[in-house]
Structures are given as C-alpha cells and as structure tokens.
Number of protein chains: 2
Amino acid sequence: MNTMTFSALAEPNRLDIVELLLNGPLPVGEIAQRLDLNQPQTSKHLRFLSDAGLVEVQPVANKRIYKLRPEPLQELDSWLDSFRRIWEERFDNLDVYLRQLQQKSNNDGSGSK
Amino acid sequence: MNTMTFSALAEPNRLDIVELLLNGPLPVGEIAQRLDLNQPQTSKHLRFLSDAGLVEVQPVANKRIYKLRPEPLQELDSWLDSFRRIWEERFDNLDVYLRQLQQKSNNDGSGSK
DNA sequence: CTACAATATACGCGTTACGGAATATAACTG
DNA sequence: CAGTTATATTCCGTAACGCGTATATTGTAG
C-alpha cells in the first residue's frame, strides 16, 4: 500500500478537495471558491494530489480542470480486504497469544535460542 | 471521515505496525524486533496509533500487548462507498462539464449574479 | 503585440513530525 | 529491598508541511 495516498488524504483541505471532485471535474478557481481557499494553496494541494495520483488535470482553454483518478482509492479498497477478512473471523486472538506465552514460559528453563 | 486515520497510516513504520498486527496482538518488544525499530520509536508510533484509535493496549504482567481496533478501518471502508458508487457509473463527466461551460458562455453577455 | 484571466511557482515563516539518545516509570524476580 | 526487564516519556536537531504574499507562466482577446 502506497503511503502517499494516506499522506494526501491526511490533510483536511485535500480531503475536502477529493470529496468535492466526487461530484465531477472542476477547474482550480471553482475548487478554491467552493472550499474557501486562496488560489495558491489550492494549486499546491492539487499538485500534491496529482503527485499522489489521486487527481489528473486536463487543460481546457485558459483553465485546468482536475478530476479524480480512481486507481489509488481502488488500491486502498483492496488493501482493506485483508482487514475485512479478519473482522469476520475471531479478530481478538488475545487469549490465543496468552496461551502461547504461558506455554513458552513453561518449557523455557533453558534459554534455547 | 477522520483525517487522524489517514495521518496514522501515512507513516510507513506505522503502516507496517498495523499490517503486522493483522496476524494478532503483540507486545511492544516483538513489534520493535520484527520491524527492526528501536524501542522508543515503536512506543511513540504505538502512542500515535492509539490516539488515532487504530490500536488498543492491554497490560499483561510486565508487557503491554497491542491489538488492532477495527472501527477506524471500518469507517474508512464505508467512506470508500461513495467512490465505489461512482466508479461503476460514468466517472469521467468531463464532457458534461464542458457542455455546461459552453452553454454558459453563450448566454453570458450580462454578468447576472 | 498589449492587456488580462487563470494557474503555478518561489520565498519566508511558524509549526509540526520523525529519529536518536538519555532518562523515567512500572512490574517482575529473588 | 536491589536488580532487571519492558515500556513510556523527554529533549534535541533536522526536515517537511501549510500558509500568505509576491511573482512567474500560460492562454485568450483585442
């Protein structure tokens, strides 16, 4: 799992941008206006999101229209698979671990490796 | 969506810890050893993960055993729902947007509101 | 080519984050 | 109680981040 994705989404304004773009592609100015950000910050955040692969840009005349790229979020989705599998099984194997610990300290008189 | 979760997972070592704990709860020393981290860093990362609600601790004798808490990852999972919905539909509404733009610039001689 | 609109980049600043080393705390052992 | 193990916290230096302001870039219109 690429930590860039998490870094990108860890910043509140960037998370807002991503959620805003769920409604469809938008040019920088619109994004800045709707989220009440100034233009340079917006560009910088978009740059970050772009580097992380979360958005891509398409120039149209004077404007640059940003839209979401599904790939990183799909990767995130499949990363979560591992956890979904566990949630359904016995997630809390604490007792198992404790039993192992117990057993270990029984035959541990000699510090074998 | 809570950005704390993203911040917590944005750090490679912390991500490793979370993935390691998928196999079951572990004490600090084991985590440090398996991930080749020194003990203070491990404790600090676990502290962070704990603040983010991603892990919880259970003291056992001398040790402190950390285990995953599913809630934040479940929240993440349901956050992704919004995107899953979109992926299946027409995700790239760029053409739609462009048509709106086109139309707007037609009857935009007077800057109404 | 000039003026303008939209966007990107550079710079300086204060804050936060991470790592390492040292130290503090807590519990077990004898 | 002293010694030891396991873990947490503190202090410090450095690097990255987010913000605001100013400036550069790119495209459009006349």
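Chain letters run A, B, ... following the sequence lines, proteins first, then strands; residues in each count from 1.
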Exercise: identify the closest heavy-atom pair between [X] and [Y]:
{"X": "A:P72", "Y": "A:A52", "value": "CG-O, 4.1 Å"}
{"X": "B:T5", "Y": "B:L54", "value": "O-CD1, 4.3 Å"}
{"X": "A:L9", "Y": "A:L15", "value": "O-CB, 3.8 Å"}

Requested in this report: Select base, sugar-phosphate, or nothing to describe what A:P40 touches, counting heavy atoms under 4.0 Å on all strands.
Outcome: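 Contact class for A:P40: base.
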
Item checked: Donor-acceptor pair between B:Q39 and B:S43 side chains, under 3.5 angstrom ->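 Present: a donor and an acceptor within the cut-off.
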
Hydrophobic cluster identity match, [X] and [Y], side-chain contacts under 4.5 Å:
{"X": "B:F48", "Y": "B:F6", "value": "no"}
{"X": "B:L68", "Y": "B:L35", "value": "yes"}
{"X": "A:L21", "Y": "B:L80", "value": "yes"}
{"X": "A:Y66", "Y": "B:F83", "value": "yes"}

Comparing B:L37 with B:N62, nearest DNA chain C nucleotide closer to 5' gives the residue B:L37

Neighbours of DNA chain D within residues 5-13 of chain B, by heavy-atom distance under 4.0 Å: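 Close to the strand, none.
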
- Task: Could you list by number each residue of residues 42-53 of chain A showing a heavy-atom separation from DNA chain C of less than 4.0 Å, or answer none if no residue does?
- Result: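 Result for residues 42-53 of chain A: A:S43, A:K44, A:R47, sorted by number.
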
Flag side-chain contact, heavy atom, 4.5 Å: B:M1 against B:L76 =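 Yes, close enough: below the 4.5 Å cut-off.
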
First and last nt of DNA chain D near chain B, cut-off under 4.0 Å to heavy atoms, 5' to 3', are D:dT5 to D:dC11

Would you say the side-chain atoms of A:R69 pair up with the backbone N or O of A:G53, donor to acceptor, closer than 3.5 Å? yes

Expected output: side-chain A:N38 to main-chain A:Q41 donor-acceptor under 3.5 Å
yes

Across all chains, not counting sequence neighbours, the side chain to side chain contact (heavy atoms under 4.5 Å, CB included) partners of B:N62 are none

The first and last nucleotides of DNA chain C lying within contact of chain B, meaning any atom under 4.0 Å from one of its heavy atoms, run from C:dC18 to C:dC28

Residues 9-21 of chain B vs side-chain hydrogen bond (donor to acceptor under 3.5 Å, both in side chains), sequence neighbours excluded, gives A:W79-B:E19, B:R14-B:H45

Residue pair A:R64/B:Q41 against DNA chain D: nearer the 5' end by closest nucleotide is B:Q41

